[in-house]
Amino acid sequence: MNNRDHEGARHGGSLAVSCEKLGFSYPDSAHPALSGVSFEVRAGEYVGVVGPNGGGKSTLVRLLNGLLRPDQGHLLVSGRDPATEPIEVRKYVGVLFQNPESGLVAPFVEDDVAFGLENLGVPREKMRERVAGAMRAVGLAGYERREPHTLSGGEKQRVALAGLLAVEPEILVLDEPTSMLDAAGRREVLERLEALRGEKTILHVTHHLEELANADRILVLNGGELVADETPGRLLSDHDLLRENRLVPPVVARLALGLGLPPAQFRTPEELAGAILARTATRTR
Ligand SMILES: Nc1ncnc2c1ncn2[C@@H]1O[C@H](COP(=O)(O)OP(=O)(O)OP(=O)(O)O)[C@@H](O)[C@H]1O
Ligand SMILES: [Mg+2]
């Protein structure tokens, strides 16, 4: 991308994120955590971010909200540079960090969930409604007066997520948002994200490709480099790319491939079972 495109994004273009040749090295580190990373995310896109441990995903997340400053390249979020305007950028981008404890600061759960809204100056009555709604959405009703440090890992992750959902920023960046959740909790969170599709821009970091079956695109970060920017369908069909990046396709996709069906077409075992039954019925007719 050239500088003029960057200017276009700054002046209200539809780019939520644009980065060009982004590079970052932690102090005293022999290998850059990110190098030469270029991609764009349009407003309203749902973009997955995957890759092996140490690939650079969380570093990218920290750069997006200005917690770290790039030492190479350019990055714009909602048309602004998070390194120089972090406060402004954080009005548009909400981040769920990989370690939920890092975001929990208030004495009681309800204050933590309300924290982002308070910063935005939302009126008290409206704030109470949004906090209650977000807590219900993550299954935390009744936890209002609990002290965050007394919660289990998954409960802490739910609190952090409720804080993000209460604000509903334009851009949601979620770093492994379901890593500590039970199976039903994971499904509820994924449904909630799905409901925000199109309305919000979503960057969803995960180790589980099945969570990204509906993503518009999936970015693969490995060794600090962006090695792929693909649709789920193309990524799931590229065995070499999957293997090189320690990615395992969902069971449904593997079954579909084994049956000679398109791997990204079926999102659930039930959908695939329906297709197999329909095929069998046609053959035996
Ligand atoms: N605070 C730090 N100081 C020094 N090096 C760091 C720091 N944080 C991360 N790194 C290094 O930077 C690289 C990228 O780490 P990062 O946390 O971005 O990876 P990741 O893709 O999020 O991995 P994971 O899947 O394990 O969460 C790794 O080599 C890691 O060891
Ligand atoms: Mg990480």
Side-chain angles (χ1 to χ4, degrees), residues 17-39 41 46-75 77 82-83 86 89-90 93-104 153-154 156-161 163-164 171-181 185-186 189-190 193 201-213 215 217-230 232 235-236 238 241-250:
V17 176
S18 85
C19 67
E20 190 194 8
K21 299 194 178 123
L22 197 61
F24 178 81
S25 296
Y26 288 98
D28 304 324
S29 174
H31 194 269
L34 283 181
S35 70
V37 171
S38 303
F39 68 90
V41 178
Y46 194 128
V47 175
V49 184
V50 300
N53 292 135
K57 304 178 295 297
S58 297
T59 303
L60 176 64
V61 168
R62 292 181 202 119
L63 288 163
L64 287 171
N65 95 326
L67 210 60
L68 297 176
R69 298 170 75 100
D71 39 41
Q72 279 176 347
H74 303 280
L75 171 64
V77 178
V89 163
R90 286 172 202 162
V93 63
V95 176
L96 181 81
F97 290 103
Q98 185 168 359
N99 172 8
E101 313 220 0
S102 62
L104 305 181
K156 284 177 186 158
Q157 194 164 37
R158 285 164 190 257
V159 174
L161 194 61
L164 186 64
I171 306 171
L172 288 88
V173 180
L174 306 119
D175 197 350
E176 302 193 31
T178 65
S179 59
M180 297 182 192
L181 301 188
R186 170 179 279 193
V189 166
L190 295 174
L193 293 179
T201 307
I202 299 178
L203 263 94
H204 178 173
V205 178
T206 180
H207 285 294
H208 306 286
L209 277 176
E210 62 269 30
E211 296 191 349
L212 301 176
R217 285 153 54 208
I218 300 179
L219 309 178
V220 184
L221 282 173
N222 191 346
E225 292 180 17
L226 183 66
V227 295
D229 178 349
E230 293 283 7
L235 180 60
L236 291 177
D238 191 332
L241 188 63
L242 291 168
R243 196 177 45 249
E244 284 158 13
N245 294 289
R246 303 175 59 83
L247 296 167
V248 178

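Every number for a ligand or one of its atoms is a count from 1 in the order of the listing.
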Provide the number and element of each atom of ligand 1 under 4.0 Å from a heavy atom of [X].
X	result
A33	12 (O), 13 (C)
E176	25 (O), 27 (O)
H207	25 (O)
G55	19 (O), 20 (P), 21 (O)
Q98	27 (O)

Between S58 and Q98: side-chain donor-acceptor atoms closer than 3.5 Å: yes
Under a plain distance cut-off of 3.5 Å, with no hydrogens placed, do E211 and T206 share a side-chain donor-acceptor pair? yes
From H204 atom NE2 to L219 atom CG, the distance as rounded to the nearest 0.5 Å: 12.5 Å
First locate atom CG of L96, then atom CD of Q157, and finally report the distance between them rounded to the nearest 0.5 Å. 6.0 Å
Identity and separation of the nearest protein heavy atom to [atom]:
atom	value
atom 23 (O) of ligand 1	G54 N, 2.8 Å
atom 6 (C) of ligand 1	Y26 CD1, 3.2 Å
atom 26 (O) of ligand 1	N53 ND2, 2.9 Å
atom 16 (P) of ligand 1	T59 OG1, 3.6 Å

With the threshold set at under 4.0 angstrom, would you say G56 reaches ligand 1 through any of its heavy atoms? yes
Smallest heavy-atom separation, V61 atom then V205 atom, equals CG2-CG2, 4.0 Å
In terms of heavy-atom contacts, L241 and E230 come closest through CD2-CG, 4.4 Å
Quick one: does any side-chain atom of D71 pair with a main-chain N or O of S25 as donor and acceptor, under 3.5 Å? yes
So, the side chain of R62 versus the backbone of L68: is there a donor-acceptor pair under 3.5 Å, distance only? no
K57 versus ligand 1: do any nitrogen or oxygen atoms come within less than 3.5 Å of each other? yes
Close side-chain approach of P232 and I218, heavy atoms under 4.5 Å: yes
Select one of side chain, backbone, both or neither to describe which atoms of H31 lie under 4.0 Å from any atom of ligand 1, heavy atoms only. neither
Is it the side chain (CB and beyond), the backbone, both or neither of S58 that lies under 4.0 Å from ligand 1, heavy atoms counted? both
Exercise check, heavy-atom protein proximity under 4.0 Å to atom 31 (O) of ligand 1: no
With a 4.0 Å cut-off on N to O distance, would you call K57 and D175 a salt bridge? no
Apex the Mg ion (ligand 2) - arms OE1 from Q98 and OG from S58 - angle rounded to 10°: 80°
